[in-house]
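Shown next, in structure tokens, is the structure this report addresses.
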Amino acid sequence: MIFVLLRPCTGYTGTGHGMEPSSQIDKSKLPQHIAIIMDGNGRWAEERGQDRLFGHLNGVESVRNVVEGAAELGVKYLTLYAFSTENWERPPYEVSGLMELLVETIKKEVPTLNKNNIRLQVIGDVEMLPDNARKELEQAITDTAQNNGLTLILALSYSSRWEIVHAIRQMAAEVASGKINAQDIDKNYFERFLCTTGLPDPELLIRTGGEIRVSNFLLYQIAYAELYFTEVKWPDFRKNHLFEAIIDFQHRQRRFGKTGKQVVENKPEC
Ligand code: FPP
């Protein structure tokens with residue numbers, strides 16, 4: 001048990017604006033789906049002369065706080081990029097530490113998820129996960145399946161390229177078996193094979209930790225998402241940072257390829 005020696009130690013220290021960020025949010029215009037790339041754990045730990053796992057451990061407190069914030073606001077879907085298919089290439093001790101942390105956290109948090117009416121889902125190549133992690137997740141998904149508040153989606157052993165290739169393989173099998181003709185495949189049909197089928201596309205994608213990239217995360221689904229990058233490293237990220245991202249989102253004009261005038265007037269331009 002690596003984690004008994006490491007104790008989380010961080011907390012939100014305020015934004016310096018004076019006004020509470022949550023009071024500036026228009027709850028009638030919330031993004032219904034927010035996706036987060038939780039980055040910066042390793043650097044956060046290294047800055048403190050600690051092992052990278054110390055960053056991940058502290059990142060769990062951020063997960064709790066942000067999930068609580070999203071649920072309080074009434075966000076319907078929150079997807080967290082917890083482990084990518086590329087993360088399997090990290091040093092074995094970090095991979096097993098992360099898996100251990102995942103199992104411990106899921107086990108511990110199911111009662112809180114139920115208390116807060118939060119449903120858990122997972123996207124990704126779950127077959128790759130160790131047996132105990134997969135079983136724990138399956139149990140947690142079953143135990144929270146009746147909840148209808150926030151849906152918390154953990155992206156685990158996930159990457160978009162894996163997801164898209166996996167989807168195409170399944171579709172190709174349907175074409176080969178004669179279930180569908182290739183020319184009848186359209187956007188809706190394709191989306192049925194993605195991990196996110198049934199979920200609305202994320203409207204807001206947040207990446208913490210200062211890097212400006214999307215790292216193989218929900219590439220198809222974020223076609224029209226608003227992107228928000230912050231220097232704040234994940235272990236320092238708190239619900240007020242989430243609220244600031246939502247406020248920023250609410251100040252953007254989303255045009256979806258139309259003109260600004262069309263969007264304002266909600267009618268086609270002649
Ligand atoms: C990226 O930071 C973070 C991860 C690969 C893991 C995220 C995991 C957690 C926050 C903890 C467990 C989560 C749940 C849902 C229980 P990095 O290690 O790439 O940081 P760096 O860019 O500073 O190296």
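Every number for a ligand or one of its atoms is a count from 1 in the order of the listing. Below, each value reflects all heavy atoms present in this structure, side chains not excepted, and no hydrogens, waters or symmetry copies.
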Do me a favour and list the nearest non-hydrogen protein atom to atom 4 (C) of ligand 1 with residue, atom name and distance?
H56 CE1, 3.8 Å

If the contact criterion is a heavy-atom separation under 4.0 Å, does G209 count as touching ligand 1?
no

Enumerate the atoms of ligand 1 whose separation from the nearest heavy atom of A82 is less than 4.0 angstrom.
6 (C), 7 (C), 8 (C)

Atom 9 (C) of ligand 1 - nearest protein heavy atom and its distance
N41 ND2, 3.8 Å

for atom 19 (O) of ligand 1, nearest protein heavy atom and its distance come out as R90 NH2, 2.7 Å

Under a 3.5 Å threshold, yes or no: a donor from one side chain and an acceptor from the other, between R207 and T230?
no

Whether the side chain of Q24 engages the backbone of I247 through a donor-acceptor N/O pair (distance < 3.5 Å, no angle test) should be reported.
no

Residues E191 and K187 bridged, charged N to O under 4.0 Å:
yes

Which ligand 1 atoms does N87 reach within 4.0 Å, using its non-hydrogen atoms?
5 (C)

With distance as the sole criterion, is a donor-acceptor pair present between the side chains of N87 and S84 under 3.5 Å?
yes

Short list, please: which atoms of ligand 1 are under 4.0 Å from a heavy atom of D39?
1 (C), 2 (O), 17 (P), 19 (O), 20 (O), 21 (P), 22 (O)

Test item: E163 side-chain N/O and C195 main-chain N/O as donor-acceptor pair under 3.5 Å
yes

Below 3.5 angstrom, do we get any N/O pair linking R52 and ligand 1?
yes

Identify, by atom number and element, the atoms of ligand 1 in contact range of L154, meaning under 4.0 Å from any of its heavy atoms.
15 (C)

Please determine, by modelled atom types, if T197 and R192 share a side-chain donor-acceptor pair under 3.5 angstrom.
no

Nearest to atom 21 (P) of ligand 1, what protein heavy atom do you find, and at what distance?
R43 NE, 3.5 Å

Which residue and non-hydrogen atom of the protein lie closest to atom 12 (C) of ligand 1, and at what distance in Å?
V60 CG2, 4.0 Å

Atom 1 (C) of ligand 1 has as its nearest protein heavy atom M38 O, 3.1 Å

Is a salt bridge present between K135 and E138, judged by a nitrogen-to-oxygen distance below 4.0 Å?
no

Give the residue and atom name of whichever protein heavy atom lies nearest to atom 13 (C) of ligand 1, and the separation in Å to one decimal.
V63 CG2, 4.3 Å

Of the side chain and backbone of W234, name the one, both, or neither that has a heavy atom under 4.0 Å from an atom of ligand 1.
side chain

Using a distance-only test with no angle check, is there a side-chain donor-acceptor pair under 3.5 angstrom linking N147 and N114?
yes

Could you see if M38 belongs to whatever hydrophobic cluster contains I153? Use Ile, Leu, Val, Met, Phe, Trp, Tyr and a side-chain cutoff under 4.5 Å.
no

